[in-house]
Amino acid sequence: MTETRCFEEDYININPLQTGGKTNSDTRKSIDSYIDGYSVCDFCAGSLHKIKKPDFEKLLNEISQFLGCDETIFTNGCREAKFAVLNSLCEKGDTVLIDENRHYSTDVAAELAGVKKEYVKNNGAPTFHINPEDYRKRIDETKPKLVILTHVDGNYGNIVDAEKVGKICREKNVPFLLNTAYSSGRMVIDNKKIGADFIACSCHKSWGVGGGTLGLLAINKKFDDKVFKTSVDYKKKILQILGCSARGSSTIALLNSFPSVRERVKKWNVEVDNAKWFIDNMISNEGIQLLGDYPHMHDVMHFETPKFDEIANKHKDKGYFLHKFLDKKGITGIIPGRTKSFKMSTYGYSRKQLEYLYESFLEALKL
Ligand SMILES: *Cc1c(COP(=O)(O)O)cnc(C)c1O
């Protein structure tokens, strides 16, 4: 049998990919009894998103309301949600306008859909900020079929004002896809204000979902016919998700995590305060700088750490010294061997845990 993994039980795990997808105990227990193949399909009448037992139909209606969208379906992940929109809206050779801070999966989805990519640039080091106003000029220049914005990027944890981009897209009459992989499920997303046509979500990243991977695609009903178009031969099967998407325990995980997700987004300000506190402490040390927006408004943060690199050059464990030292302290989630810069997340940790985390970094600075 594979070795047991106890990262979430035994460690403070600061891997940005993993902090918002951590499952609670109810979710874990519920997944267990749906672990067998196609177990969610016992009472399926042809559409996964309309199953009433377990009640996915009700869950997805509640999620549509929660996000301020008209309709929501499951996808296998955020990338599959983006691909579904790209592939149904665009013809081969059409242009799509994307922010430079995009996740690689946006590029890959666009490439597979056969579209031409144009970008809205960030302002470079050290903040790498995307200015929403730049979308206006770039839309005029590139005449895109679709605009994509990474609401919060995974490299710097910068938040872009999606309302402003939404307003520009409406003025210019271009469909707008908002990638909320690092925002929905963590903070309140109110699409009644943003006015995006499509919202892509990553539930294993930000909605406390385990038991596999899961995404959501929430849309404005104006695009229902195009994006949720069904097969000619199989009237209940949506083409862009090849009929059915996540037909396993991850959907059960969301059913069980959603009530707590709905509550936790209300406490986002606590997460932001904790992130700010942690950053201010870290950058008060010589040889540690923050990359990305400052003041920083998200738990994902990227430090440039020449000081740790200096230590690595002299240390017997070389670049691995930091990971090894933190491991001994019960901290994990930083890529082994990295000391020049690293990304981390403070999501879900108490101030006391973050004090311990900071003190451990202070000790590492003295190695
Ligand atoms: C993680 C991430 C994704 C990919 O999410 P999946 O659900 O795994 O497909 C997409 N976009 C951004 C910005 C991300 O950070």
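The residues of the chain are indexed from 1 along the displayed sequence. In each ligand, atom 1 is the first atom listed, and ligand 1 is the first ligand listed. Keep in mind that the numbers below use all heavy atoms, side chains included, and drop hydrogens, waters and symmetry copies.
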Report task. Start with the C-alpha distance between R136 and E133, add both sets of side-chain angles, then the distance that settles salt bridge (charged side-chain N to carboxylate O under 4.0 Å, His left out), and finish with yes or no. Result -> CA-CA 6 Å; R136 188 185 302 281; E133 273 304 314; 3.1 Å; yes
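If you look at N179 next to ligand 1, the close heavy atoms, those under 4.0 Å, all belong to the side chain. At a heavy-atom distance under 4.0 Å, only side-chain atoms of S105, from C-beta outward, approach ligand 1. Contact annotation for R102 and ligand 1: no heavy atom of the residue comes within less than 4.0 Å of the ligand. Residue-level proximity to ligand 1 for R79 is carried by backbone and side chain together, each with a heavy atom below 4.0 angstrom.
Taking the six-membered ring where tryptophan is involved, the planes of F278 and F361 are perpendicular, since the angle between them exceeds 60° and thus also 30°. Ring geometry for F308 versus F321: interplanar angle of 30 to 60°, hence tilted.
For the side-chain contact (heavy atoms from CB on, under 4.5 Å) test with F74, the passing option among L59, L217, I241 is L59; the others fail.
With Y182 as the aromatic partner, K205 meets the cation-pi criteria of under 6.0 angstrom to the ring centre and within 45 degrees of the ring axis. The cationic group of R170 does not satisfy the cation-pi geometry with F176, failing either the under 6.0 Å distance to the six-membered ring centre or the 45° limit from the ring axis.
Residue D153 has no nitrogen or oxygen atom sitting less than 3.5 Å from a nitrogen or oxygen atom of ligand 1, judged on distance alone.
More than 12 heavy-atom neighbours from other residues, nucleotides or ligands sit within 6.0 angstrom of CD on E9.
Close approach of ligand 1 to T150 (heavy-atom distance below 4.0 Å) involves ligand atoms 13 (C). Shown in contact with G77 at under 4.0 Å from a heavy atom are these atoms of ligand 1, numbered in order with element: 7 (O), 9 (O). Close approach of ligand 1 to Y182 (heavy-atom distance below 4.0 Å) involves ligand atoms 15 (O).
If you check the side chains of K82 and T106, you find a donor sitting under 3.5 Å from an acceptor.
Protein heavy atom closest to atom 1 (C) of ligand 1, with residue, atom name and distance, is K205 NZ, 1.4 Å. H204 NE2, 3.0 Å is the protein heavy atom nearest to atom 8 (O) of ligand 1. In terms of protein heavy atoms, atom 5 (O) of ligand 1 is closest to C78 CB, 3.5 Å.
Residue K82 places a heavy atom under 4.0 Å from ligand 1.
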